[in-house]
Amino acid sequence: MSALRGPAVRRLLALRQDQKLTTRHVRLMAQSLEVTERTVWRWLAAAERDESAAAEPGARAQSKDRFSVTPEVRRLLALWKGNVAAVHRELIARAAKGEGEPPPSIPTLHRAIRRDLTPGERAGLAGGERAARKHDVFLARPRGWRNQVWETDHKQVPVLVDVDGKARRPWITWFTDCATNAITGVAVTPVYPSRESVLSALRFAVLHEEPYGPFGGLPEKVRVDRGKDFLSRTVTAAFDLLDVTVEDLPAYTPHLKGTVEGLNRAVESMFLAALPGYARQPRPGKRPSRPKDEALLSFEEFTARLLAWTRWWNTEHHPAPLRGKTPLEAWQDDPTPLRDVPAADLWTFTLEDAGTRTLTTRGIRFRKRDYVGAWMTGQAGIQVRIRFMPHHDHRIEVYHAATGRYLGPADLADQATDEQISAVRRARAARSRRLKKDLQAVQYERYAAVNQPAAPQLLGALTGAQAEAELAHAAGTSLSDLALPDLIPPAAPPADWRTPPSLATRTAPGRPASHPSEPAPGHLPGHTADPAEHGDAS
């Protein structure tokens with residue numbers, strides 16, 4: 001609309017010069033420009049005084065002494081998190097000290113900041129790079145074809161779930177296809193995920209027979225975001241064996257994997273917000289807290305509901321980029337052939353290699369523990385290669401070291417019973433509680449509040465008797481304080497030694513000690529004294 005102002009004002013100016021301008025012309029022009037009639041008359045008067053004002057009606061006249069944003073103002077905006085009033089106070093204080101020119105008024109400063117800085121710059125100076133990124137324009141990648149590119153990520157769900165009697169927030173690891181928006185693989189863990197979660201979700205994503213669904217096959221590329229689990233040696237080795245390219249994206253660039261990031265946002269608003277135990281639910285009161293009588297979902301029930309929602313997303317949901325299709329329909333309409341891998345080979349590729357061992361009569365020694373299997377009968381003495389699932393140390397998979405042939409599984413020998421494991425866990429929890437209590441005791445120190453600059457003053461009054469008793473107890477338990485090094489003073493040094501006066505006063509008076517190389521008085525070299533000669537015959 002602002003581009004039409006110049007021609008409109010010039011048209012009215014020509015009508016006025018020809019004495020054909022009427023109030024109706026001004027009213028119609030104001031309606032078309034969506035401004036008041038008074039504004040149009042003001043623009044017309046300014047154009048009569050200065051013909052250059054007709055080029056940009058309504059623009060503020062520029063002058064050489066107009067205030068502009070300086071690098072100092074930009075630094076102060078970053079320092080005060082975009083607070084213009086605080087920047088104005090800082091400029092006034094610096095001008096009072098003679099460190100600069102007096103600043104303009106706050107409205108002028110506001111106009112200069114809006115004029116000279118873009119919305120992204122203002123947001124960045126106030127909130128950092130992440131806030132500035134919200135004002136950027138991003139290009140959209142072409143949709144491509146199925147299994148061309150996958151994206152993967154971890155997400156901690158804002159839902160409290162009952163895990164063995166404790167309220168925890170589970171983690172989801174999933175893979176999504178960028179061309180069809182389909183969730184190809186998912187894995188859920190009660191605690192922070194590891195490489196085992198990535199491998200489990202990867203098997204779920206690659207296999208497409210039941211119960212995994214029609215989605216699957218090997219992708220050409222997988223995008224990750226520098227997560228240590230996705231870039232671990234085991235996961236990268238599995239991707240290499242499966243001939244899958246891993247694209248490691250720069251840190252803090254969620255817009256480069258927008259498909260899975262959009263899924264992370266959608267699952268919360270479309271599914272998690274309606275579950276019991278949702279941690280971000282608006283609650284009454286100044287300190288919102290979870291109701292004490294709120295029943296939480298068990299981990300098994302939460303996993304079942306999440307998998308059901310995943311099936312709904314793939315088969316019934318219509319994402320906007322698919323133009324009315326579901327991910328399943330978009331997947332089935334794509335004629336791109338799939339790269340399949342047998343389930344047995346996939347299981348082998350997604351295990352961690354532990355090197356070779358010798359099969360003995362006690363089984364296989366791995367991590368200072370013995371593993372045995374029924375197939376080992378008559379096999380003692382052969383060289384085998386061990387592969388295992390991370391964190392699943394109760395079983396290993398054994399292969400022939402020379403041929404690579406799969407021999408069978410091996411279970412941990414003399415494995416503890418469930419009762420023994422529960423007892424060990426209870427003992428560990430009790431020890432953890434004791435340690436936590438000891439560490440919290442140090443944090444209960446209180447310091448006095450001050451109104452003037454002063455050294456911190458620790459609160460907690462003690463009587464003299466209490467202080468002496470505590471110091472006596474500490475001294476009675478310290479071996480260094482119990483030691484008495486001056487109880488038996490050392491002997492005096494030889495007379496020909498240059499002994500410092502401070503050391504001479506700390507030695508016992510008497511006969512000086514002899515040199516080690518000199519015989520003692522009354523003894524000859526090579527002669528052993530008889531005790532009878534000194535009256536010690538008794």
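Predicted model only: the values in this text are computed from it and were never measured. Computation of the quantities below employed the complete heavy-atom set of this structure, encompassing side-chain atoms and omitting hydrogens, waters and symmetry-equivalent molecules. Just so you know, residue 1 is the first one in the sequence shown, and it goes up from there.
- Contact record, V198 with F175: O-CE1, 4.0 Å, taken as the closest heavy-atom pair.
- The shortest distance between side-chain heavy atoms of L328 and W313 does not fall below 4.5 Å.
- When side chains are defined from C-beta on, P158 counts as touching E268, because their heavy atoms get closer than 4.5 Å.
- Panel note: side chain T176, backbone I183; no donor-acceptor pair is recorded below 3.5 Å.
- Taken to the nearest 0.5 Å, the NZ atom of K155 stands 9.5 Å off from the CH2 atom of W171.
- Atom CG of N314 and atom OG1 of T180 lie 8.0 Å apart (nearest 0.5 Å).
- Atoms CG and CD, on L91 and E99 in that order, are 11.0 Å from each other to the nearest 0.5 Å.
- Judged by distance alone, the side chain of E151 and the main-chain N or O of R223 form no donor-acceptor pair under 3.5 Å.
- Under the 4.5 Å side-chain criterion, counting only non-hydrogen atoms from C-beta, L117 is in contact with L125.
- Atom CG of D164 sits in a sparse spot, with 12 or fewer heavy atoms from other residues, nucleotides or ligands closer than 6.0 Å.
- Ring planes of W331 and F215: perpendicular class, angle over 60° (limits at 30 and 60°).
- D333 has its side chain within reach of K325: a pair of non-hydrogen atoms, C-beta onward, lies under 4.5 Å apart.
- Using a 4.5 Å cut-off on side-chain heavy atoms (C-beta onward), E121 and P119 make no contact.
- Heavy atoms only, all atoms of each residue included: H317 and P327 are closest at O-CD, 3.3 Å.
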Worksheet entry | Stepwise side chain to side chain contact (heavy atoms under 4.5 Å, CB included) test for T336 and N147 | CA-CA 8 Å; T336 305; N147 283 352; over 6 Å; no
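- Atoms CG and CZ, from L307 and F204 in turn, are 6.0 Å apart once rounded to the nearest 0.5 Å.
- A side-chain contact (heavy atoms from CB on, under 4.5 Å) with D225 is found for exactly one of D248, D153, L256, T152, namely D153.
- In plain terms, the two heavy atoms of A295 and P276 that are nearest each other are O-CB, 3.4 Å.
- A side-chain donor-acceptor contact under 3.5 Å links R143 and N181.
- A donor-acceptor pair under 3.5 Å is absent between the side-chain atoms of R195 and the main chain of S232, judged by distance alone.
- Taking 4.0 Å as the cut-off between side-chain N and carboxylate O, R311 and E316 do not count as a salt-bridged pair.
- Rounding to the nearest 0.5 Å places CZ of R111 at 11.5 Å from CZ of F67.
- E48 places a side-chain heavy atom less than 4.5 Å from the side chain of L13.
- Of the inter-residue distances, the one linking L77 atom CG with L109 atom CG reads 7.5 Å to the nearest 0.5 angstrom.
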Worksheet item: Can you list the steps and then say if V224 with L249 is a side chain to side chain contact (heavy atoms under 4.5 Å, CB included)?
Response: CA-CA 6 Å; V224 300; L249 301 176; over 6 Å; no
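- Side-chain contact, T108 with S105: a donor N or O sits under 3.5 Å from an acceptor N or O.
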Discussion item. Using the rule given for side chain to side chain contact (heavy atoms under 4.5 Å, CB included), can you reason through E196 versus D229, listing the C-alpha separation, both sets of side-chain angles and the distance that settles it, and then say yes or no?
Written reply: CA-CA 9 Å; E196 183 263 341; D229 306 320; over 6 Å; no
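- Nearest heavy atom pair, residue V69 against residue D116, reads N-OD2, 2.9 Å.
- For the pair D18 (side chain) and K20 (backbone), a donor-acceptor distance under 3.5 Å is absent.
- Here the side chains of P170 and F302 are in contact, with some heavy-atom distance below 4.5 Å.
- Atom CZ of R141 is surrounded by more than 12 heavy atoms from other residues, nucleotides or ligands within 6.0 Å.
- Residues V163 and P190 share a closest heavy-atom pair of CG1-CB, 3.8 Å.
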Worksheet entry | Check against side-chain hydrogen bond (donor to acceptor under 3.5 Å, both in side chains), E220 and W145 | CA-CA 10 Å; E220 299 179 12; W145 54 90; 3.2 Å; yes
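- Taking all atoms of both residues into account, the shortest heavy-atom contact from A131 to A123 is CB-O, 3.6 Å.
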Discussion item. Let's go through T39 and T36 carefully: what are the C-alpha distance in whole Å and the side-chain angles of both, what is the deciding distance for side-chain hydrogen bond (donor to acceptor under 3.5 Å, both in side chains) to 0.1 Å, and is it a yes or a no?
Written reply: CA-CA 5 Å; T39 300; T36 62; 2.8 Å; yes
Discussion item. Walk me through whether T326 and H318 qualify under side-chain hydrogen bond (donor to acceptor under 3.5 Å, both in side chains).
Written reply: CA-CA 5 Å; T326 64; H318 296 80; 5.6 Å; no
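- Between the side chains of E247 and W150, no donor N or O sits under 3.5 Å from an acceptor N or O.
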Discussion item. Test side chain to side chain contact (heavy atoms under 4.5 Å, CB included) on L12 and H25; report intermediate values, then the result.
Written reply: CA-CA 8 Å; L12 295 178; H25 291 101; 4.2 Å; yes
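- Contact check for V191 versus R168: side-chain heavy atoms found under the 4.5 Å cut-off.
- No more than 12 heavy atoms of other residues, nucleotides or ligands sit less than 6.0 Å from atom CZ of R11.
- Side-chain atoms of T184 never come within 3.5 Å of backbone atoms of G216 as a donor-acceptor pair (strictly under, hydrogens ignored).
- Using a 3.5 Å distance cut-off with no hydrogens or angles, the side chains of Y192 and Q156 do not pair a donor with an acceptor.
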